[in-house]
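Any value given below was found using the heavy atoms of this structure, including those in side chains, with hydrogens, waters and symmetry copies removed. Everything numeric in this text was worked out from a predicted model, so none of it was measured. Counting starts at 1 for both ligands and their atoms, following the listed order.
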Amino acid sequence: MSLVVVGSVAYDGVETPAGSVERMLGGACTYISLAASFFTEVAIVGVVGDDFRSEDAQLLAGRGIDLAGLEHAPGKTFFYSCTYSADMNERTTLRTDLNVFADFEPKLPEHYRRQPYLFLGNIQPALQRSVRAQMTAVRAVGGDTMNYWIRETREELLATIKEWDFLLINDSEARQLSGHSDLRRAAAAILEMGPRTLIVKRGEHGAVLFGPQGHFTAPGYLLEHLVDPTGAGDCFAGGFFGYLAGRREAVEDPRELRRAVIYGSVMGSFCCEQFGVDRFRTLTRAEIDGRFQEFREFTGF
Ligand code: AMP
């Protein structure tokens, strides 16, 4: 086992122009771990209620994901629902019922603590810190956050990301966190806050990696049928960090970092092809590598 992932495990209700699903498996931890499981061994930390279906646990276990850190608490699983604009670039949250997630206090099983890679999905910065503190031999830490934590718990967040090697956020969050509207200045200011590498996700427009070696821009993959963008950012994170964890020593190598950005983009794009996590039921490593190759071809000049 090598990568520990922490975050929400949820049921989601999603409405997009392609259709709607009232309740399906979701959550940042779920998406990150499924995407990462194609590249490395993964163990998750999260909480679910007594309504959590065994077939959903089996989907994760079937991909080799260690569920020892998935706590079962009395009550209902976190529920989130949203609706998308006609071009699917804007998402409106309809409901966020924290349920058992409200009292979540992540506790790492003993065998998780010695693992070398840690990815902290979007949860309260204080909880992210507490998980980081439980890891005894970590080689690289990556994490995500959101506008709510940037606004409401800024000092706590700054103390938290200071200890990270990788920060993955979207462009509006990068602007909000830095106070700069142009992305290059925003990135420079964020790199001063601690993380060695920053990845700014730009939805359908791709992603930019900023680090000591300058920046690297990857376009978005042009999908023929966009069905449901929920989880795409988390799948990017899972593909990116899962690839690095699978390569073990690669976290410093600028070429490997670029490949990781492309694998992140590949996993984000597959996620959008079906509702929820459905695309991961059939996805193969050969399809992933095929799309990675397509990126090579359509960006080569
Ligand atoms: P993404 O589309 O990558 O931003 O991820 C969407 C996933 O994040 C959904 O499956 C939700 O269940 C989960 N999610 C939404 N809001 C929150 C929140 N406040 N805290 C943790 N997870 C959330």
Side-chain angles (χ1 to χ4, degrees), residues 5-16 20-36 44-49 51-52 56 59-60 76-85 88-104 106 119-128 131 142-153 157 168-174 199-204 207 220 226-242 264-265 267-280:
V5 176
V6 186
S8 56
V9 177
Y11 283 120
D12 291 346
V14 173
E15 187 182 81
T16 80
S20 66
V21 177
E22 264 177 42
R23 186 178 167 86
M24 61 185 171
L25 178 63
C29 182
T30 305
Y31 283 109
I32 297 164
S33 60
L34 282 171
I44 64 170
V45 184
V47 63
V48 291
D51 56 349
F52 195 64
D56 293 325
L59 172 70
L60 300 172
K76 284 187 173 171
T77 301
F78 176 57
F79 180 79
Y80 170 78
S81 66
C82 62
T83 181
Y84 287 88
S85 61
M88 298 201 216
N89 281 328
E90 271 168 55
R91 169 162 76 189
T92 307
T93 297
L94 302 176
R95 262 173 72 181
T96 304
D97 299 340
L98 291 176
N99 300 327
V100 294
F101 202 47
D103 302 313
F104 181 41
F119 195 87
L120 299 154
N122 164 36
I123 49 175
Q124 290 96 307
L127 294 187
Q128 292 176 320
V131 173
D144 185 12
T145 190
M146 68 190 283
N147 46 14
Y148 179 81
W149 307 119
I150 299 172
R151 195 177 60 238
E152 302 295 326
T153 60
L157 179 68
L168 284 81
I169 48 180
N170 67 33
D171 40 9
S172 66
E173 290 158 353
I199 293 93
V200 178
K201 297 171 286 176
R202 308 174 76 199
E204 66 168 333
L226 172 56
V227 172
D228 172 18
T230 311
D234 296 317
C235 289
F236 180 100
F240 174 83
F241 209 67
S265 307
M267 299 312 283
S269 70
F270 277 121
C271 175
C272 298
E273 290 183 346
Q274 290 182 23
F275 274 100
V277 301
D278 278 353
R279 188 63 180 88
F280 295 108

Legend entry - Atoms in ligand 1 with a heavy atom of Gly26 nearer than 4.0 Å: 10 (O)
Legend entry - Shortest protein heavy-atom distance from atom 10 (O) of ligand 1, along with the residue and atom involved: Asp12 OD2, 2.4 Å
Inset, instruction - Would you mind running through ligand 1 and noting each atom that sits below 4.0 Å from a heavy atom of Gly233? - result: 3 (O)
Inset, instruction - Quickly, which of Tyr80, Phe104, Phe101 forms a side chain to side chain contact (heavy atoms under 4.5 Å, CB included) with Ser8? Name it, please. - result: Phe101
Legend entry - Value rounded to 0.5 Å, distance of CD in Glu15 from CD in Glu22: 10.5 Å
Inset, instruction - Using atom types as modelled and distance alone, determine if a side-chain donor or acceptor of Asn99 lies under 3.5 Å from a backbone N or O of Thr77. - result: yes
Legend entry - Backbone N/O of Arg202 and side chain of Asn170: donor-acceptor pair under 3.5 Å: no
Inset, instruction - Using distance alone, determine whether Asp234 and ligand 1 share an N or O pair under 3.5 Å. - result: yes
Inset, instruction - Could you tell me which atoms of ligand 1, counted from 1 in the order shown, lie closer than 4.0 angstrom to a heavy atom of Ala10? - result: 12 (O)
Inset, instruction - Could you list the atoms of ligand 1 found under 4.0 angstrom from a heavy atom of Gly27? - result: 9 (C), 10 (O), 12 (O)
Inset, instruction - Decide whether the shortest distance between a heavy atom of Phe78 and an atom of ligand 1 is less than 4.0 Å. - result: yes
Legend entry - Ring center gap for Phe280 and Phe270 short of 6.0 angstrom: no
Inset, instruction - Looking only at distances, please establish whether an N/O atom of ligand 1 is found under 3.5 Å from an N/O atom of Thr96. - result: no
Legend entry - Between OH on residue Tyr84 and CG on residue Asn89, distance to nearest 0.5 Å: 10.5 Å
Inset, instruction - Establish, yes or no, whether a centroid distance under 6.0 Å links the rings of Phe119 and Phe241. - result: yes
Inset, instruction - Check each atom of ligand 1 against the heavy atoms of Ser8 and keep those under 4.0 Å away; list them by number with element. - result: 13 (C), 21 (C), 22 (N), 23 (C)
Legend entry - Arg23/Asp51 ion pair, N-O < 4.0 Å: yes
Inset, instruction - State which residues pass side-chain hydrogen bond (donor to acceptor under 3.5 Å, both in side chains) with Ser265; sequence neighbours excluded, sorted by chain then number. - result: none
Inset, instruction - Only one of Val9, Val47, Val100 passes side chain to side chain contact (heavy atoms under 4.5 Å, CB included) with Phe52; say which it is. - result: Val9
Inset, instruction - Provide, to 0.1 Å, the distance between atom 4 (O) of ligand 1 and the closest protein heavy atom, together with that atom's residue and name. - result: Arg91 NH2, 2.9 Å
Legend entry - Check: Gly231 N/O within less than 3.5 Å of ligand 1 N/O: yes
Inset, instruction - Examine Tyr31 against ligand 1 and note whether any of their N/O atoms are separated by less than 3.5 Å. - result: no
Inset, instruction - Write out the residue and atom name of the closest protein heavy atom to atom 19 (N) of ligand 1, then the distance separating them to 0.1 Å. - result: Met146 SD, 4.0 Å
Inset, instruction - Check each of Gly13, Pro229, Ala28, Ala232 against atom 8 (O) of ligand 1 and report the one with the nearest heavy atom. - result: Ala28
Inset, instruction - Run the numbers for me: atoms of ligand 1, each under 4.0 Å from some heavy atom of Asn122, listed by number. - result: 20 (N), 21 (C)
Inset, instruction - Report yes or no: does a heavy atom of Phe236 sit under 4.0 Å from some atom of ligand 1? - result: no
